[in-house]
Number of protein chains: 2
Amino acid sequence: MSLKHGLLGLLKYGDMTGYDLDKAFKSSLRPAWNVQTSQIYRELGTMEEKEWLSSRIEIQEGKPNRKYYHITQEGEKELKLWLLEDHVKEELYLRHPFFLQLFFAGENTDEENVKMIQILKERCHSEITNIETMYRDAEEYRNIVKDENRTKYWQLANMLGKSYYQNFINWADEAIEFLNKKEGE
Amino acid sequence: MSLKHGLLGLLKYGDMTGYDLDKAFKSSLRPAWNVQTSQIYRELGTMEEKEWLSSRIEIQEGKPNRKYYHITQEGEKELKLWLLEDHVKEELYLRHPFFLQLFFAGENTDEENVKMIQILKERCHSEITNIETMYRDAEEYRNIVKDENRTKYWQLANMLGKSYYQNFINWADEAIEFLNKKEGE
DNA sequence: TGGGTCATGTAACCTGTTACATGATTAG
DNA sequence: CTAATCATGTAACAGGTTACATGACCCA
């Protein structure tokens with residue numbers, strides 16, 4: 001999607017290594033998507049070529065060296081522009097194989113589909129739990145950062161993430177009821 | 001995502017050309033995502049190589065010839081398996097740049113962000129209108145198909161699509177209220 | 001006379017995914 | 001003793017995006 005800009009955003013909090021960024025991304029932007037570690041390293045490479053980032057290597061003993069990335073002025077400019085762009089235009093799709101599966105679910109039996117919808121529900125419940133844990137873990141950062149402007153939007157992102165999964169759960173309940181009623185007819 | 005399986009599903013309704021599939025996809029699976037026409041042709045090519053499809057060419061006068069694709073037994077088997085797989089596992093992410101944007105929205109002013117959220121709302125309203133039109137247009141198919149098992153799931157997909165966008169709208173209202181309240185403090 | 005529909009694609013590029021590789025240290 | 005953590009990547013492939021090309025017909 002826009003991994004590059006996600007990384008730029010995280011690097012505004014401070015210099016980090018690819019490893020740190022991987023963890024930071026996975027623990028804060030998880031509702032967005034699951035990034036591949038290898039992709040992060042690749043993107044960091046091309047971002048450095050574009051001069052959005054600079055880097056320095058810290059030598060460690062016993063452990064592998066750490067390569068710290070730092071956001072440049074170019075990078076900050078790029079991030080600022082991206083944050084003001086309208087990304088809502090064409091990219092609001094419900095991009096899940098599950099939706100296709102549902103559309104063609106008439107090819108399966110109702111029992112098979114109910115089972116699938118139940119799995120969806122469970123999965124969404126556990127995602128909500130993850131988000132709540134994530135958010136509680138972030139409390140400490142909020143105490144350190146004390147930048148209300150930032151934390152305000154973390155809260156909004158948190159609300160959006162949770163309601164997104166809650167919506168699947170609500171739909172799943174309605175769907176199961178609907179299928180049972182049809183069954184009884 | 002799984003364009004190949006989406007195309008297989010559509011071809012179960014009857015033989016179609018790439019052009020037809022493009023239109024069918026865009027008018028029924030639109031809440032899922034917007035496929036590139038060129039990608040459909042490419043995928044059809046590889047699907048034919050895999051022998052999930054066979055094709056025949058119908059010569060037309062004045063207009064370009066039409067290349068009809070037909071789902072093979074191999075293709076049907078593949079679709080059946082795919083429809084029973086668990087696609088909910090790792091792929092339920094809210095995969096939108098908007099989420100990243102929101103997470104880092106503290107870099108913008110509140111006014112800029114409220115404007116952005118309002119654009120989101122409008123866009124979601126128009127998506128819901130699109131889905132409703134789409135669904136009404138599909139009524140005729142439902143009368144022809146008369147396969148209640150299929151149409152039942154079209155209805156569920158329709159419900160999911162609408163609630164997905166409605167959820168953004170509800171969130172947007174809360175978010176705007178939240179930002180205004182914070183502003184007043 | 002210009003734009004839309006019909007109908008097919010190719011080429012290049014960018015992004016995402018999967019698999020693999022290394023090698024030391026630390027905790028259960 | 002085994003698994004996890006620390007920390008870096010490369011290679012190959014699959015899937016998505018953008019730009020371009022062709023050419024006739026139809027409608028305002």
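These figures come from a predicted structure and were not determined experimentally. Here is how names work: the chains are called A, B, and so on, in the same order as the sequence lines, proteins then strands, and each is numbered from 1.
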J.: Salt bridge between B:Lys80 and A:Glu107, side-chain N to carboxylate O under 4.0 Å?
T.: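 Result for this pair is no, no salt bridge flagged.
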
J.: For residues B:Gln166 and B:Asn170, is any side-chain donor paired with an opposing acceptor at under 3.5 Å?
T.: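 A pair is found: one side chain offers a donor N or O, the other an acceptor, under 3.5 Å apart.
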
J.: Please evaluate the base of D:dT18 for a donor-acceptor partner in the side chain of B:Ser38 within a cut-off of under 3.5 Å?
T.: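 Present.
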
J.: Please report the distance, rounded to the nearest Å, between NZ in A:Lys67 and P in D:dT8.
T.: 9 Å

J.: Determine, step by step, whether B:Glu112 and B:Lys115 satisfy the salt bridge (charged side-chain N to carboxylate O under 4.0 Å, His left out) criterion, reporting the C-alpha distance in whole Å, the side-chain angles of both residues, the deciding distance to 0.1 Å, and the verdict.
T.: CA-CA 5 Å; B:Glu112 286 165 340; B:Lys115 216 180 287 169; over 6 Å; no

J.: Ring-plane angle category for A:Trp154 and B:Phe103, please: parallel below 30°, perpendicular beyond 60°, tilted otherwise.
T.: parallel

J.: Contact list please: residues 28-36 of chain A against DNA chain C, heavy atoms, distance less than 4.0 Å, in numerical order.
T.: A:Asn34, A:Gln36

J.: Please report the closest heavy-atom contact between A:Thr37 and A:Lys26, naming both atoms and the distance.
T.: OG1-NZ, 3.2 Å

J.: How long is the line joining CZ of B:Phe25 and P of C:dA7, in whole Å?
T.: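 About 20 Å, once rounded to whole Å.
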
J.: Between A:Arg42 and A:Asn65, who's closer to the 5' end of DNA chain D by nearest nucleotide?
T.: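 Checking each residue's closest nucleotide, the 5'-ward one belongs to A:Asn65.
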
J.: How many Å lie between OH on A:Tyr19 and P on D:dA4, as a whole number?
T.: 13 Å

J.: B:His5 has an atom NE2; how far is it from atom P of D:dA14, in whole Å?
T.: 14 Å

J.: Please state whether the phosphate of D:dT8, meaning OP1 or OP2, lies under 4.0 angstrom from any side-chain nitrogen or oxygen of A:Thr17.
T.: yes

J.: What is the distance, rounded to the nearest whole Å, between atom CD of A:Gln39 and atom C1' of C:dA19?
T.: 15 Å

J.: Round to the nearest Å and state the distance from B:Glu91 atom CD to D:dG15 atom P.
T.: 12 Å

J.: Give the rounded distance in Å between these two atoms: CD of A:Glu43 and P of D:dT8.
T.: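 My rounded result for the distance is 16 Å.
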
J.: If the cut-off is 4.0 Å, is B:Lys4 near the phosphate of D:dG15, judged by side-chain N/O to OP1 or OP2?
T.: yes

J.: Indicate whether the side chain of A:His5 and that of A:Glu78 have a donor and an acceptor atom separated by less than 3.5 Å.
T.: yes

J.: With nearest nucleotides of DNA chain C determined for A:Pro64 and A:Ser2 from heavy-atom distances, which residue corresponds to the more 5′ nucleotide?
T.: A:Ser2

J.: Can you tell me if the side-chain N/O atoms of A:Gln60 get under 4.0 Å from OP1 or OP2 in D:dA7?
T.: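 Answer yes for this pair, as a side-chain N or O of A:Gln60 is under 4.0 Å from OP1 or OP2.
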
J.: Could you tell me whether the phosphate oxygens of D:dT5, OP1 or OP2, come under 4.0 Å of any side-chain nitrogen or oxygen in A:Lys23?
T.: no

J.: Figure out the OH/C1' separation between A:Tyr41 and C:dC20, and round it to whole Å.
T.: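 That distance rounds to 15 Å.
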
J.: When rounded to the nearest 0.5 angstrom, what distance separates CG in A:Leu83 from CE in B:Met116?
T.: 7.5 Å

J.: For B:Gly18, which contact category applies under a 4.0 Å heavy-atom criterion: base, sugar-phosphate, or nothing?
T.: sugar-phosphate

